[in-house]
Structure formats: C-alpha cells, structure tokens
Peer 1: 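Quick one: the structure is below, and I'll ask about it shortly.
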Amino acid sequence: MSTQSNHNIGVPPSGARGLIKALQERILVLDGAMGTMLQRYNFSEEDFRGDRFKDFPYPLKGNNDLLSITQPEAVKAVHRAYFEAGADIVETNTFSGTTIGMADYHLEDLVYELNYQSAKIAREVADEFTDKPRFVAGSIGPTNRTASMSPDVNDPGFRAVTFDDLRIAYKQQVEALIDGGSDVLLVETIFDTLNAKAALFAIEEVKEERKLDIPVMVSGTITDASGRTLSGQTVEAFLISIAHIPLLSIGFNCALGADQLKPYLKRLAMNTQLNISAHPNAGLPNAFGHYDQTPQEMQGLIREYLQENLVNIIGGCCGTTPEHIKAIAEIASEFKQRKFEGTYLFNKASAS
C-alpha cells in the first residue's frame, strides 16, 4: 500500500479537528505515567483478575492494560487526576495492547475489547471536563519484540517477529482505539523504527479502508548517551525514516530525564517543521528503580525547553504524577507554541 492514496481519505473527526486547532493556539500538555499511578493501588492478583477472570489458569498480576476491564474506576481516576492537573491530552491504558504483548498473559483474544474499553474510559472522562477541549490519545506501544535485531546472539539472522506479524497486530489495536473514541493515535516509546513502521503502515491501512483521517503522533526513545535508538538510529536518521508518513507531531519520550533529553530535542527542532512532543521521565531512576525528581525540579528543566522554542506538546513519562503535570502545565501556560524557524531537512509539505 502506498500513502499516495491519502487523497481519498476523509476529513478528521471533530475531536481531531479540535486538537489540531488547539495546537495552533497554544502548547498542549500531555498526561504523565499511567503505570506509576496504578502502582499506588498495590493491586493483588485477585484485583487484576476481578470476578470475570477469577478462574483464569494463568497469572495476570502486572497486566496493567487488563485493569481497564477489571478495575475501570481506578483507570478513570488516573485519567481524571491528570485532567484536573491541567493535561489537555490523556493516553489510553493500552501500552501493551496487542496480541504480541498479550501473549505473555494468554489473553490474545481479548485485545480488541481491551483497547476499545480503554479508549471508551478515557473518552468518558475527557467528556466530563467542559472548561476547555480535552483529548484522548490512543497509546500504541513498541511491543516486547524487535523486528530489526535478533534476540539470540548466537543466531544474528533470527527474528522473533516479522513486519507482517506486527502490522496485523497493530491493525487490530488501531481499529479498537478508533472505535472507542480516540482523537489521535500515539505510536510511542519507539526503540526499533521497523516496529514503528509496521504500526504506521497499519494505521494508514485503517485510514484508507475507513476513509478516515485521524492524526498520528510519533515518539521515539533515545536509549542512552550515545544519542541513538536501540536499533541504532540517530535523531536525524529516525526523522528521515518516517518522514514519508503524514504526522501531527514527532518527538521523544522515556529512557531519559528532561535534562538528558534536551540536546536530542534541539537536534530534532533544527530539522523539522512538524510539531514536536516530549514526555521525559522524572529524571533517571535511583538504585531501587524509583524516580526522585520533584515536580519543581522537572518544571525548571521544562522551562528551558519552552524558552528555547523546542516543543509544542509536553508531558511526562516514567515516574511522573499529576503533581508533575500540574507544574508542567503551569509553566507551559506562560509560553506560546513553538514557532518554525530556520532551514530544515524537511518542510511541512514533505511530511504530508
């Protein structure tokens, strides 16, 4: 399938049009970590199972996506807390919501329902707020497999997943996220761009089949101080490899704190007219895997992003809470949206 057929795709749904309009007017705030908030509940195996999965033969504890079905009020409470903190956009509780991700829990048959219910929950909470438009981003995670590299050092040609495996899995997730009420799709935490390309291919298939033009956000992950993704791409290579897809935004999240992520956002901002997003971690984890960066500390670092005209969408990833998002929303309200300046590798037309 070629994206050249996009002229046959219809106009975006009303929520998506509202999101695009809002981006032209101000910096938008994305929510913080879902997992960090759900961990506060200390849910037991029985809580994850609920009545419906009481006799399920495999362990389910740790499957946060399942909580959209077994503990929906907790998931709603997390969304509500982020909106109350000032978030414009919340992500659905679907980071692992593919047949590939759910295979670890033997719940592949539940994937459509999981994604639909998660999007429906987020949509219901978003609609509770009438002070300003609120939006739902359908979260599409990277899966726990990589299409570019072998998991076996003794067999470098082996692949645990194929492009088609990923495309088919992502397509099912995308359809459910749209049906549940998502305004935008967020392909996030990309460590392998080939995985992301499968997700983007699946999205374009669904858009073409449904004659629906839903916006797409892409967020990669710089894994360490090398400045590359896990599959080896630099910032510029990552941008080039997905520039043929029509995108609402491109950015980075996870792995790094706001200060470590900043130089890579600067490189991105120098080379694209696309909207740029960032949702960094609350610093780097300590020896116990916890995140110690306070909301005030993170706010100071995000202020530098805004002063240097780096982002259009800003939020938080691992370790961030509604308190972090409140501090970020406060500082974001003091600045205007990123303006496109200078010479770019790609202009807006080349990515649409």
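Everything quoted here is computed from the prediction, not taken from an experiment. Positions are given from 1 along the sequence.
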Peer 1: Answer yes or no: is there a donor N or O on one side and an acceptor on the other, between the side chain of Arg338 and the main chain of Asn312, under 3.5 Å?
Peer 2: no
Peer 1: Between Thr229 and Thr221, is there a donor-acceptor pair closer than 3.5 Å when you use the side chain of the first and the backbone of the second?
Peer 2: no
Peer 1: Atom CG in Asp31, atom NE2 in His279: separation rounded to 0.5 Å?
Peer 2: 8.0 Å
Peer 1: So, Asn275 side chain and Leu248 main chain: donor-acceptor pair closer than 3.5 Å or not?
Peer 2: yes
Peer 1: Could you point out which residue of Ile250, Val311, Leu274 forms a side chain to side chain contact (heavy atoms under 4.5 Å, CB included) with Leu268?
Peer 2: Ile250
Peer 1: Any side-chain heavy atom of Ile190 within less than 4.5 Å of one from Phe238?
Peer 2: yes
Peer 1: Under 4.5 Å between side-chain heavy atoms, hopping through other hydrophobics if needed: is there a path connecting Val111 to Ile69?
Peer 2: yes
Peer 1: Taking atom CG as the centre, does Asp51 end up with more than 12 heavy-atom neighbours from other residues, nucleotides or ligands that are less than 6.0 angstrom away?
Peer 2: no
Peer 1: When you compare the side chain of Ile240 with that of Asn271, does any pair of heavy atoms fall below 4.5 Å?
Peer 2: no
Peer 1: Would a single hydrophobic cluster contain both Tyr170 and Val218, if residues Ile, Leu, Val, Met, Phe, Trp and Tyr are joined by side-chain heavy-atom contacts under 4.5 Å?
Peer 2: yes
Peer 1: Should Leu194 and Ser231 count as side-chain neighbours, where that means a heavy-atom distance under 4.5 Å?
Peer 2: no
Peer 1: Among Arg134, Arg26, Lys21, whose salt bridge (charged side-chain N to carboxylate O under 4.0 Å, His left out) with Asp88 holds?
Peer 2: Arg26
Peer 1: Do Leu166 and Thr143 come within less than 4.5 Å of each other through their side chains, counting heavy atoms only?
Peer 2: yes
Peer 1: Show your reasoning for whether salt bridge (Lys or Arg N to Asp or Glu O under 4.0 Å) applies to Glu209 and Lys171.
Peer 2: CA-CA 11 Å; Glu209 289 170 4; Lys171 188 173 182 181; 2.6 Å; yes
Peer 1: Sequence neighbours left out, what passes side-chain contact (heavy atoms from CB on, under 4.5 Å) with Asp179? Give chain and number order.
Peer 2: Tyr112, Tyr116, Arg210
Peer 1: With a 4.5 Å limit on heavy-atom distance, are the side chains of Pro246 and Lys207 in contact?
Peer 2: yes
Peer 1: Would you mind listing every salt bridge (Lys or Arg N to Asp or Glu O under 4.0 Å) that reaches into residues 263-281, with sequence neighbours excluded?
Peer 2: Glu236-Arg267, Lys266-Glu308
Peer 1: Using the side-chain contact (heavy atoms from CB on, under 4.5 Å) criterion, which residues pair with Asn42? Sequence neighbours excluded.
Peer 2: none
Peer 1: Asn281 and Cys318: which non-hydrogen atoms are nearest, and at how many Å?
Peer 2: OD1-N, 3.0 Å
Peer 1: Run the side-chain hydrogen bond (donor to acceptor under 3.5 Å, both in side chains) test on Asn253 and Thr189 for me, step by step, so that the C-alpha distance in whole Å, both residues' side-chain angles and the decisive distance to 0.1 Å come before the verdict.
Peer 2: CA-CA 6 Å; Asn253 74 291; Thr189 321; 3.0 Å; yes
Peer 1: Write down the atom of Ala255, the atom of Leu284, and the distance for their closest heavy-atom approach.
Peer 2: O-CD2, 3.7 Å
Peer 1: Pair Ser118, Ser68 - check side-chain hydrogen bond (donor to acceptor under 3.5 Å, both in side chains), show working.
Peer 2: CA-CA 6 Å; Ser118 294; Ser68 294; 2.7 Å; yes
Peer 1: What is the minimum heavy-atom distance between Val90 and Ala122, and which atoms define it?
Peer 2: CG2-CB, 4.2 Å
Peer 1: Can any side-chain N or O of Arg228 pair as donor or acceptor with the backbone N or O of Ala225 at less than 3.5 Å?
Peer 2: no
Peer 1: Phe158, Val161: one ILVMFWY side-chain cluster at the under-4.5 Å cut-off?
Peer 2: no
Peer 1: Is it possible for you to say whether Leu185 and Phe252 belong to one hydrophobic cluster, with membership spreading through side-chain heavy-atom contacts below 4.5 Å?
Peer 2: yes
Peer 1: Ser96 and Met102: side-chain contact (heavy atoms from CB on, under 4.5 Å), yes or no, with the steps?
Peer 2: CA-CA 7 Å; Ser96 301; Met102 285 298 119; 4.1 Å; yes
Peer 1: Within the side chain of Thr70, is there an N or O that forms a donor-acceptor pair under 3.5 Å with the backbone of Phe48?
Peer 2: yes
Peer 1: Indicate the atoms forming the closest heavy-atom contact of Ala85 with Pro322, along with that distance.
Peer 2: CB-O, 3.3 Å
Peer 1: Quick one: closest heavy-atom pair of Thr193 and Ser241, and the distance?
Peer 2: CG2-OG, 3.3 Å
Peer 1: Are Lys61 and Arg49 close enough, and set up right, to give a side-chain contact (heavy atoms from CB on, under 4.5 Å), and what steps lead you there?
Peer 2: CA-CA 8 Å; Lys61 186 175 181 179; Arg49 289 174 174 271; over 6 Å; no
Peer 1: Would Asp259 and Lys262 pass as an ion pair if we require N to O under 4.0 Å?
Peer 2: no
Peer 1: Keeping Gln337 on the side-chain end and Gln24 on the backbone end, is there a donor-acceptor pair under 3.5 Å?
Peer 2: yes
Peer 1: Are any non-hydrogen side-chain atoms of Asn64 and Phe95 less than 4.5 angstrom apart?
Peer 2: no
Peer 1: Going only through I, L, V, M, F, W and Y residues with side-chain contacts under 4.5 Å, is there a path from Ile168 to Val206?
Peer 2: no
Peer 1: Looking at Lys132, I'd like to know if its NZ atom is crowded, meaning that more than 12 non-hydrogen atoms belonging to other residues, nucleotides or ligands lie closer than 6.0 Å.
Peer 2: yes
Peer 1: Carefully, step by step, assess Arg80 and Glu84 under the rule salt bridge (Lys or Arg N to Asp or Glu O under 4.0 Å).
Peer 2: CA-CA 6 Å; Arg80 196 172 290 119; Glu84 289 171 347; 5.4 Å; no
Peer 1: Taking the side chain as every heavy atom from C-beta outward, state whether Gln71 and Phe43 have any pair of such atoms under 4.5 Å apart.
Peer 2: yes
Peer 1: So which heavy atom on Ala137 is nearest to which on Ile89, and how close?
Peer 2: CB-CG2, 3.7 Å
Peer 1: How about Asp192 and Ser148: does a side-chain donor come under 3.5 Å of a side-chain acceptor?
Peer 2: yes
Peer 1: Just verifying a value: how many Å separate His244 NE2 and Glu204 CD, rounded to the nearest 0.5 Å?
Peer 2: 8.5 Å
Peer 1: Please check: side-chain N/O of Arg167 versus main-chain N/O of Phe201, any donor-acceptor pairing under 3.5 Å?
Peer 2: no
Peer 1: Whether the side chain of Thr98 engages the backbone of Ala169 through a donor-acceptor N/O pair (distance < 3.5 Å, no angle test) should be reported.
Peer 2: no
Peer 1: Show the numbers, then the answer: is there a side-chain contact (heavy atoms from CB on, under 4.5 Å) between Ile100 and Asn144?
Peer 2: CA-CA 8 Å; Ile100 294 168; Asn144 52 6; 3.7 Å; yes
Peer 1: What distance separates Leu110 CG from Thr99 OG1, expressed to the nearest 0.5 Å?
Peer 2: 12.0 Å
Peer 1: Given 3.5 Å as the limit, does a donor-acceptor pair link the side chain of Thr320 with the main chain of Ala282, or not?
Peer 2: no
Peer 1: How long is the straight-line distance from CG of Leu30 back to CD1 of Ile314, given to the nearest 0.5 Å?
Peer 2: 9.0 Å
Peer 1: State whether a side-chain donor-acceptor pair under 3.5 Å links Asp164 with Thr162.
Peer 2: no
Peer 1: To the nearest 0.5 Å, how far apart are CG in Asp183 and CD1 in Ile214?
Peer 2: 7.0 Å
Peer 1: More than 12 non-hydrogen atoms from neighbouring residues, nucleotides or ligands closer than 6.0 Å to CG on Asp109, yes or no?
Peer 2: no
Peer 1: Is there side-chain contact between Gln260 and Pro280, with heavy atoms separated by less than 4.5 Å?
Peer 2: no
Peer 1: What's the separation between atom NE2 in His324 and atom OH in Tyr291, rounded to the nearest 0.5 Å?
Peer 2: 11.5 Å
Peer 1: Tyr305 side chain to Ala258 main-chain N or O, any donor-acceptor pair under 3.5 Å?
Peer 2: yes
Peer 1: Check whether the ring centres of Phe83 and Phe129 lie less than 6.0 Å apart, and answer yes or no.
Peer 2: yes
